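Structure incoming, see below.
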Amino acid sequence: MPELPEVETVCRGLEPVLIGQVITKVDVRRKDLRKPFPKGLKTRIESAKVTHITRRAKYIQAHLDNGFVLVIHLGMSGRIVFHPADYKPQTHDHFILHMQDGQQIVLNDPRRFGIVDLVAVDDLESHALFSHLGPEPLSNGFSGPVLAQALAGKKAAIKQVIMDQTIVVGVGNIYASEALFMAGINPEKPAGKVKADQAEALVSAIKKVLQKAIKAGGSTLRDHRQANGELGYFQHSFSVYDREGQVCITCAGKRPIMRITQGGRSTFYCPTCQK
DNA sequence: CCTTGAACCTGCGGGC
DNA sequence: TGCCCGCAGGTTCAAG
């Protein structure tokens with residue numbers, strides 16, 4: 001469940017449950033996900049207290065009182081769920097934090113594209129997972145001029161470029177289609193041909209769609225639930241994503257929403273509204 | 001440098 | 001019912 005709004009929603013759900021709590025026991029149930037679990041993970045975080053939670057791009061960062069930060073990426077299919085003390089691990093429960101109040105924080109990830117890492121807080125910015133990342137989309141560091149500059153001269157399709165985490169972080173396959181629709185830009189347009197005014201519109205659209213999705217608790221695909229059991233509901237607000245063949249909500253024209261493949265991923269757009 | 005495609009995994013739904 | 005195919009919200013690495 002992983003684009004920025006979903007990860008942000010998870011972080012907000014984790015805060016009241018984790019902050020101030022000591023991790024009493026850690027269960028690492030296999031040797032790796034997309035990467036190996038870090039060496040000494042269990043011994044280095046057991047008995048540590050969670051001080052605060054941050055997010056960078058699609059990474060969850062749980063800061064501990066021993067100078068380490070527990071980093072979790074959910075990949076494509078990862079989810080974090082809270083369970084009571086008597087919960088028994090199920091299939092694809094790969095990593096479990098037992099907290100001092102008895103609650104279990106369970107990382108379940110069927111496809112195992114997720115990552116768990118442990119980083120010294122002083123090394124966070126320079127760590128390989130983070131050092132190459134572009135600006136946060138909701139920060140002032142992401143603006144029309146900044147994006148226009150990053151797009152200059154690029155031949156690749158704009159859809160694929162805004163999903164490039166070195167350009168801007170947090171935009172995944174759903175919100176890329178949604179933002180391009182909102183900005184009226186054809187996803188196949190070469191990035192370098194997106195000029196200042198369209199870049200400005202695209203930045204506004206990305207910020208707007210991500211903010212709206214966060215307010216909605218993210219999008220819930222394939223029956224997924226947030227850690228607290230609540231469902232995100234932004235999927236009901238999709239304008240184009242997963243709406244192939246349906247009528248465009250803006251132009252209601254004769255040409256329906258199209259689905260194309262870019263970089264192996266589905267893209268949805270309105271051929272009338274997006275130029 | 002760039003772009004493209006495949007690779008990593010499991011599960012689910014549709015078509016036959 | 002069962003099998004095969006395509007598809008799924010991400011990232012990385014090799015090949016051209």
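Here the structure is a predicted model, which means the values were calculated and not measured. Throughout, a chain's letter reflects where its sequence line sits, starting with A, and its residues are numbered from 1.
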- Task: For B:dA7 versus C:dC5, give the span between their P atoms, rounded off to a whole number of Å.
- Result: 16 Å

- Using only heavy-atom distances, determine whether the side chains of A:Q100 and A:T24 contain a donor-acceptor pair under 3.5 Å. no

List every contact pair, protein side and nucleotides 1-5 of chain B side both N or O, where the distance is under 3.5 Å.
| residue | atom | partner | partner atom | Å |
| --- | --- | --- | --- | --- |
| B:dT3 | OP1 | A:A156 | N | 3.1 |

- Message: What I want to check is whether an N or O donor and acceptor connect the side chain of A:R112 with the base of B:dC9 at under 3.5 Å.
- Response: no

- Query: Checking side-chain hydrogen bond (donor to acceptor under 3.5 Å, both in side chains) for the pair A:Q235/A:S219: CA distance, chi angles, key distance, verdict?
  - Reply: CA-CA 5 Å; A:Q235 68 278 11; A:S219 300; 4.7 Å; no

- d(NZ, A:K35; P, C:dT12) in whole Å: 8 Å

- Message: I need the CG-C1' distance between A:N173 and C:dC7, as an integer number of Å.
- Response: 12 Å

- Message: Side chain of A:H92, heavy atoms from C-beta onward: which of B:dT10, C:dA8, C:dT11 has the nearest atom to it?
- Response: B:dT10

- Note on the structure: note: A:F113, atom CZ; C:dA8, atom C1'; distance rounded to Å ~ 10 Å

- Task: Please report, rounded to the nearest Å, how far the C1' atom of B:dC12 is from the CG atom of A:D242.
- Result: 14 Å

- Would you sketch DNA chain B in dot-bracket for me? Only Watson-Crick or G-U wobble pairs with both distances under 3.5 Å count, crossing pairs as [ ], other-strand pairs as |, the rest as dots. .|||||||.|||||||

- Item | Test item: side-chain donor near acceptor, A:R259 and A:S266, under 3.5 Å | yes

- Message: Tell me the closest heavy-atom pair linking A:H132 and A:T166, and the distance in Å.
- Response: O-CG2, 3.5 Å

- Task: Mind calculating the distance between CG (A:L129) and C1' (C:dT11) to the nearest angstrom?
- Result: 11 Å

- Item | Atom-to-atom span, CD1 of A:I115 to P of C:dT11 - whole angstrom | 9 Å

- Between A:N173 and A:K159: side-chain donor-acceptor atoms closer than 3.5 Å: yes

- Item | Span that lies between the C1' atom of C:dT12 and that of B:dG11, in whole angstrom | 23 Å

- Query: Is A:K58 salt-bridged to A:E6, going by a charged N under 4.0 Å from an acidic O?
  - Reply: no

- Task: Nearest whole angstrom, please: distance from the P of C:dT11 to the CZ of A:R265.
- Result: 9 Å

- Side-chain N or O of A:R34 closer than 4.0 Å to phosphate OP1/OP2 of C:dT12: yes

- Message: I need the CE-P distance between A:M163 and C:dA8, as an integer number of Å.
- Response: 11 Å

- salt bridge (charged side-chain N to carboxylate O under 4.0 Å, His left out) pairs, two or more places apart, involving residues 13-42 of chain A: A:D27-A:R29, A:R30-A:D32, A:K35-A:D117, A:K42-A:E46

- Item | Same-atom distance (P) from C:dG6 to B:dG5, integer angstrom | 16 Å

- Between B:dC9 and C:dA14, how far apart are the P atoms? Round to whole Å, please. 16 Å

- Is any side-chain nitrogen or oxygen of A:S266 closer than 4.0 Å to OP1 or OP2 of C:dA8? yes

- Item | Donor-acceptor pair between A:Q198 and A:K189 side chains, under 3.5 angstrom | yes

- Message: I want to check one thing: is the phosphate of C:dT11, taken as OP1 and OP2, less than 4.0 Å away from some side-chain N or O of A:H73?
- Response: yes

- Phosphate contact (C:dT11 OP1 or OP2) by A:Q165 side-chain N/O below 4.0 Å: yes

- Item | Nearest heavy atoms of A:I53 and A:I60, plus distance in Å | CG2-CG2, 4.3 Å

- Message: Salt bridge check, A:R56 against A:E125: does any charged N sit closer than 4.0 Å to a carboxylate O?
- Response: no

